[in-house]
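Counting begins at 1 with the first residue of the sequence. As the structure is a computational prediction, the values presented were derived from the model and not from experiment. Computation of the quantities below employed the complete heavy-atom set of this structure, encompassing side-chain atoms and omitting hydrogens, waters and symmetry-equivalent molecules.
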Amino acid sequence: MRCMYCGCEDSKVIDSRSTDDGNSIRRRRECIACGKRFTTFETIEVVPFLVIKRDGTRQAYDRVKLKNGIVRACEKRPISMSEIDEIVDGIEKNLYNSMESEISSQTIGDWVMERLKEVDEVAYIRFAAVYRQFKDSATFFEEMSKIFNTGSKGRKKN
């Protein structure tokens, strides 16, 4: 790390600690040449993702956009913001684990639907209605029947 005072490339680390958010490390350094101290931050390099839309266009992945879509699906449902953040974090983990620089919006949408189906069926249907672009009541009913067919397994009938 180059000293900001004299430009020397030799410095020693005096103190290291993680930041409050846990996403970077704060390092206090001392220049070997001039003896002055300065602070540096070390963070993980985040690889930008491109999302391939249905029409073939590409746009940068946007966490806020993804979260807003999930929030809209979860409106007036008993789902906390921390649960929504966990869903988004899980999807981002899938993105990073995929090791791809481009990913289809369909794949991301499928991951969201999987998570919402586990958390809240109404939020799942709301998201699916927009994501799958239901054209009529028949396609809506098909999606509902998927929930009831998979959701009724293992439940006792009274």
Next item on the list: Answer yes or no: is there a side-chain heavy-atom contact under 4.5 Å between R63 and V88?
Entry: yes
Next item on the list: Rounded to the nearest 0.5 Å, what's the gap from SG on C31 to CE on M4? Could you check?
Entry: 11.5 Å
Notebook entry, point to check: Are the side chains of I70 and R72 in touch, meaning some heavy atoms are under 4.5 Å apart?
Noted result: no
Note to self: Count I, L, V, M, F, W, Y as connected when their side-chain heavy atoms are under 4.5 Å apart, and connections chain through other members. Are V130 and V112 then in the same cluster?
What the structure shows: no
Item checked: Pairwise side-chain contact, S104 with I108, heavy-atom cut-off 4.5 Å (strictly under) -> no
Notebook entry, point to check: Would one find more than 12 heavy atoms of other residues, nucleotides or ligands at under 6.0 Å from atom CG of D20?
Noted result: no
Margin query: List the residues meeting salt bridge (Lys or Arg N to Asp or Glu O under 4.0 Å) with R58, not counting sequence neighbours, and say none if there are none.
Written below: E102
Next item on the list: Verify the distance criterion only: is there a donor paired with an acceptor across the side chains of Q106 and K53 at less than 3.5 Å?
Entry: no
Notebook entry, point to check: In terms of hydrophobic clusters joined by side-chain contacts under 4.5 Å, are I52 and M113 together?
Noted result: no
Next item on the list: Kindly give the cluster partners of V122, where membership spreads through any ILVMFWY side chain lying under 4.5 Å from a current member.
Entry: none
Notebook entry, point to check: Does atom CZ of R17 have more than 12 heavy-atom neighbours from other groups under 6.0 Å away?
Noted result: no
Note to self: Would you say Y5 ends up clustered with V13 if hydrophobic residues are merged whenever their side chains have heavy atoms under 4.5 Å apart, either directly or through other cluster members?
What the structure shows: no
Checklist line | Intermediate values then yes/no, side chain to side chain contact (heavy atoms under 4.5 Å, CB included), R126 and R77 | finding: CA-CA 11 Å; R126 286 179 180 168; R77 300 298 306 157; 3.6 Å; yes
Next item on the list: Decide yes or no for Y61 and L95: does some side-chain heavy atom of the first lie under 4.5 Å from some side-chain heavy atom of the second?
Entry: yes
Notebook entry, point to check: So, do C74 and L116 sit near enough that their side-chain heavy atoms are less than 4.5 Å apart?
Noted result: yes
Checklist line | Set of ring pair (Phe, Tyr, Trp, His ring centres under 6.0 Å) partners for F141, sequence neighbours left out | finding: none
Next item on the list: Quick one: pull up CZ in R54 and OG in S105 and give me the separation to the nearest 0.5 Å.
Entry: 6.0 Å
Next item on the list: Before giving the answer on side chain to side chain contact (heavy atoms under 4.5 Å, CB included), spell out for M1 and E9 the whole-Å C-alpha distance, their side-chain angles and the decisive distance to 0.1 Å.
Entry: CA-CA 6 Å; M1 184 63 57; E9 292 189 16; over 6 Å; no
Name each donor-acceptor pair under 3.5 Å that joins a side chain in residues 32-41 to protein atoms two or more places apart or in another chain, with its distance.
{"from": "R37", "atom 1": "NE", "to": "E30", "atom 2": "OE1", "distance (Å)": "3.2"}
{"from": "R37", "atom 1": "NH2", "to": "E30", "atom 2": "OE1", "distance (Å)": "3.3"}
{"from": "T39", "atom 1": "OG1", "to": "R28", "atom 2": "NH1", "distance (Å)": "2.7"}
{"from": "T40", "atom 1": "OG1", "to": "R29", "atom 2": "NE", "distance (Å)": "3.1"}

Notebook entry, point to check: Among pairs that include at least one residue of residues 106-116, which meet salt bridge (Lys or Arg N to Asp or Glu O under 4.0 Å), considering only residues two or more places apart or in two chains?
Noted result: D110-R132
Next item on the list: Share the residues that join V64 in a hydrophobic cluster, the rule being Ile, Leu, Val, Met, Phe, Trp or Tyr side chains under 4.5 Å apart at the heavy-atom level.
Entry: none
Next item on the list: Indicate the atoms forming the closest heavy-atom contact of I79 with A123, along with that distance.
Entry: CD1-CB, 4.1 Å
Note to self: I need the I25 CD1 to D15 CG distance, nearest 0.5 Å.
What the structure shows: 11.5 Å
Checklist line | Any side-chain heavy-atom pair of I44 and Y96 under 4.5 Å | finding: no
Item checked: No-hydrogen, no-angle side-chain donor-acceptor test under 3.5 Å, E118 and Y124 -> no
Check: Would you call K67 and D85 a side-chain contact if the rule is heavy atoms closer than 4.5 Å?
Finding: yes
Check: If you take all heavy atoms of G69 and F127, which pair is closest and at what distance?
Finding: O-CD1, 4.2 Å
Check: Can you check whether L66 reaches I91 side chain to side chain, under 4.5 Å on heavy atoms?
Finding: yes
